[in-house]
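By convention in this document, chain letters (A, B, ...) are assigned in the order of the sequence lines, proteins followed by strands, and residues within each chain are numbered from 1. Computed from a prediction, not measured in an experiment: that's the story for all the values here.
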Amino acid sequence: MGSKKSLKKIGIIDCNNFYVSCERLFNPESIGRPTVVLSNNDGCVIARSQEAKDLGIKMGEPFFKSRDFMDQHKFCVYSSNYNLYGDMSDRVMTLIKSFANDIEVYSIDESFVDFSNIPDEHLLDTLRGIKNEVYRQTGIPVSIGVGPNKTLAKLTSYFAKKQPNYNGVCSYWDVPNFENICYSIPLDEVWGIGRKWYKKFKNIGVETVGQFINTSDYTVRKLTNVNGSKTQLELKGLYCYQIQKQTKLKRNIASTRSFGKDVTDFEQMGEAMYNYIVSGTKKLNQSSVLANKATIFVSGNYHKGDKYHYSKTINLQNPTSDSDEIWSQIYDQFKMICDKKEKFKKCGIIFNELTPENVIQCSLFEEEINYVEPPVNEIKDWEMKQEYITQKYTTSWADLPKVFV
DNA sequence: TCTGGGGTCCTAGGACCC
DNA sequence: TCTGGGGTCCTAGGACCC
């Protein structure tokens, strides 16, 4: 037990069924009923309550396919409301930060926390305390896993959720026979092993975490990349992925969207793209950065077999967040990639090589930009669908009820 | 006329994550 | 009829240079 002292104790705190939990705070009628939250365009299911999971609703399932089933079972269905989730996330993360210094906000509903300074004998009590306090102050239930590194923390939180007796808090060092249990955990439950890699390993007879750990590093490296190797090392107990205490500057900012319907008209494509440029530049401004490059793309309806995707990266003449400047500079290339097909389902723009806007850049040769008129069009096939949005409560935080106190 | 290797940079595409 | 959006990182391959 003494050797444990030298190890890191890395925790993962994640919110259970986060979007559903947020909706339930303001729509209490959904508590106890199967509940789902839909993606943009009400396209597919991106969050499920436990009741929905128990009824067999899968993550990413197309909504139209299970709509009738959901009606029959009296589901509560919500279009996604990212303002609400973002606000709730801030509250939860701020609270967690008040308990621990070294925290990495990893996603909207998860953070890694370094608990290394907490004595072994107090670890579980501390974690339970955090779980209870987050629930008491925000109404959001969380699960916590802790282990010697991020990968094992994640795997441990899988236990915390799966096994009711852990009550949402689980330590790697308290799981009896962890090594043996690994032979009953499917490899794709591991953080860092996705669908494609799982398939590759399955093909060579490696299907469980235990088997993966015992696969030669040569094979792992051959079937994956350096990150696959790191994942294997972490499962063996080594520490490879650091906690990022400082939030890193974003490297890219994107604005992309699927259309409500297929779009065939170049004018409409142009209008959609221009709109995404405008909303993308708003994000640039919010982050106080300018873009040096822009990648534009158009693609077909993947699910209908139109698997084409054309993209082009454009070097912008000056670092900029001006939508008309950007529109003018991408226009020719955009027309070119649109000419390759006549039917599209999606397009977007990704800004790359971002620089802080307060750093003034002087270019030696100020080139003239040939401005292109922004498009105007009446018909908007590309606009998205949102039938189940609940707008309330997101604008006024003073009205936020303190539930579940 | 024929023949090379090594380096950088860029981009597209593919894997992963939530 | 109807299948998300926004990120990160890695790698292969082409262009170009010496």
**Q** To the nearest Å, how far apart are A:F259 CZ and C:dG4 C1'?
**A**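 Those two atoms, CZ and C1', are 14 Å apart.
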**Q** Reckon A:K58 touches a base, only the sugar-phosphate, or nothing at all at heavy-atom distances under 4.0 Å?
**A** nothing
**Q** Could you work out which one of B:dA12, C:dC9, C:dT3 sits closest to the side chain of A:H303?
**A** C:dT3
**Q** Of the listed nucleotides (C:dG6, B:dC17, C:dT8), which one gets closest to any side-chain atom of A:Y106?
**A**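 Selected nucleotide: B:dC17.
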**Q** Within this structure, what is the CZ-to-C1' distance between A:R251 and B:dC17, rounded to whole angstrom?
**A**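 Nearest whole value for this atom pair: 16 Å.
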**Q** Output the rounded distance in Å from CG (A:N352) to C1' (C:dT8).
**A** 13 Å
**Q** Within a 6.0 Å radius of atom CG on A:N370, are there more than 12 heavy atoms belonging to other residues, nucleotides or ligands?
**A**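 Counting other residues, nucleotides and ligands, CG of A:N370 stays at 12 neighbours or fewer.
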**Q** Starting at the 5' end of DNA chain C, which residue's closest nucleotide do you reach first, A:K283 or A:D262?
**A**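 The residue whose closest nucleotide sits nearer the 5' end is A:D262.
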**Q** So, does A:N252 get its side chain near the phosphate of C:dT8, meaning an N or O under 4.0 Å from OP1 or OP2?
**A** yes
**Q** Which base, if any, makes a Watson-Crick or G-U wobble pair with C:dC18, both distances under 3.5 Å?
**A** B:dG5
**Q** What is the nucleic acid contact for A:V190, judged by heavy atoms within less than 4.0 Å: base, sugar-phosphate only, or nothing?
**A**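 Since only primed, P, OP1 and OP2 atoms lie under 4.0 Å of A:V190, the category is sugar-phosphate.
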**Q** For a quick check of understanding: with a heavy-atom distance under 4.0 Å over all strands, which category does A:K230 fall into, base, sugar-phosphate or nothing?
**A** nothing
**Q** Taking the minimum atom-to-atom distance to the side chain of A:A254, which one of C:dG5, C:dT3, C:dG6 wins?
**A** C:dG6
**Q** For atom CD of A:E189, decide whether the heavy atoms of other residues, nucleotides or ligands shown that lie under 6.0 angstrom number more than 12.
**A**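 Yes - once you tally the heavy atoms of other residues, nucleotides and ligands closer than 6.0 Å, there are more than 12.
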**Q** B:dC17, OP1 or OP2 - any side-chain N/O from A:K154 closer than 4.0 Å?
**A**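 No, no such contact exists.
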**Q** Looking for any heavy atom pair under 4.0 Å, which part of the strands does A:I350 touch: base, sugar-phosphate only, or nothing?
**A**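 Counting heavy atoms under 4.0 Å across all strands, no contact is made by A:I350.
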**Q** Describe the nucleic acid contact of A:K65 in one word from base, sugar-phosphate, nothing, applying a heavy-atom distance below 4.0 Å.
**A** base
**Q** To the nearest Å, how far apart are A:D109 CG and B:dC17 P?
**A**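 Taking CG of A:D109 and P of B:dC17, I get 14 Å after rounding.
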**Q** Specify the separation, in whole Å, of atom CG of A:N40 and atom C1' of B:dC18.
**A**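 Taking CG of A:N40 and C1' of B:dC18, I get 15 Å after rounding.
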**Q** Hey, what's the ring geometry for A:Y19 with A:Y85, parallel, tilted or perpendicular (30° and 60° as the breaks)?
**A** parallel
**Q** Can you tell me which nucleotide in C:dC2, C:dG5, C:dT3 comes closest to the side chain of A:T256?
**A**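 That would be C:dG5.
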**Q** Reading DNA chain C from 5' onward, which residue's closest nucleotide shows up sooner: A:I253 or A:K345?
**A** A:K345
**Q** So does A:Y302 have more than 12 non-hydrogen atoms from other groups sitting under 6.0 Å from OH?
**A** no
**Q** Look at the aromatic rings of A:Y308 and A:F344 and report parallel, tilted or perpendicular, splitting at 30° and 60°.
**A**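 Ring orientation of A:Y308 relative to A:F344: perpendicular.
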**Q** Take atom P in B:dT3 and the same atom in C:dC18, then report the distance between them in whole Å.
**A** 23 Å
**Q** With the side chain of A:F64 defined as its heavy atoms from C-beta on, choose the nearest nucleotide among C:dG4, C:dC2, B:dT11.
**A**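 Looking only at heavy atoms from C-beta outward on A:F64, the closest nucleotide is C:dC2.
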**Q** Looking only at side-chain N and O atoms, does A:T313 come under 4.0 Å of OP1 or OP2 in B:dA12?
**A**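 Yes.
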**Q** Between A:K9 (side chain only) and A:I118 (backbone N and O only), is there a donor and an acceptor less than 3.5 Å apart?
**A** yes
**Q** How would you label the contact of A:K248 with the nucleic acid (heavy atoms, under 4.0 Å): base, sugar-phosphate, or nothing?
**A**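 Contact class for A:K248: sugar-phosphate only.
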**Q** Enumerate the residues from residues 196-226 of chain A whose closest heavy atom to DNA chain B is under 4.0 Å, giving them by residue number; use none for an empty result.
**A** A:K196, A:W197
**Q** Would you mind telling me which of C:dC9, B:dC10, C:dT8 lies closest to the side-chain atoms of A:K250?
**A**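 The nucleotide sitting nearest to the side chain is C:dT8.
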**Q** Does either side chain, that of A:T295 or that of A:S311, offer a donor lying less than 3.5 Å from an acceptor on the other one?
**A** no
**Q** Return the nearest nucleotide to the side chain of A:S311; candidates are C:dT8, B:dA12, C:dG5.
**A** B:dA12
**Q** Distance check needed: C:dG6 C1' versus A:Y85 OH, whole Å only.
**A**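 Atom-to-atom, A:Y85 to C:dG6, this comes out as 16 Å.
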**Q** In whole Å, I'd like the distance from the NZ atom of A:K150 to the P atom of B:dC18.
**A** 12 Å
**Q** Pick base, sugar-phosphate or nothing for A:S80, based on heavy-atom distances below 4.0 Å to the nucleic acid.
**A**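 No contact at all - A:S80 keeps every heavy atom at 4.0 Å or more from the nucleic acid.
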**Q** For A:N17 and A:S49, which I'm curious about, is there any donor-acceptor pair between the side chains at under 3.5 Å?
**A** no
**Q** Find the distance A:H309:NE2 to B:dG13:P and express it as a whole number of Å.
**A** 7 Å
**Q** Quick one: label A:E61 by what it contacts on the DNA or RNA (base, sugar-phosphate, nothing), any heavy atom closer than 4.0 Å.
**A** nothing
**Q** Looking only at side-chain atoms of A:N301, point me to the closest of C:dT3, C:dG5, B:dC18.
**A** C:dT3
**Q** side-chain contact (heavy atoms from CB on, under 4.5 Å) between A:R48 and A:I57: does it pass, once the steps are laid out?
**A** CA-CA 8 Å; A:R48 307 157 294 158; A:I57 301 296; 4.1 Å; yes
**Q** Would you mind telling me which of A:K248, A:K150, A:K245 makes a salt bridge (charged side-chain N to carboxylate O under 4.0 Å, His left out) with A:E104?
**A**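 Result for salt bridge (charged side-chain N to carboxylate O under 4.0 Å, His left out) with A:E104: A:K150.
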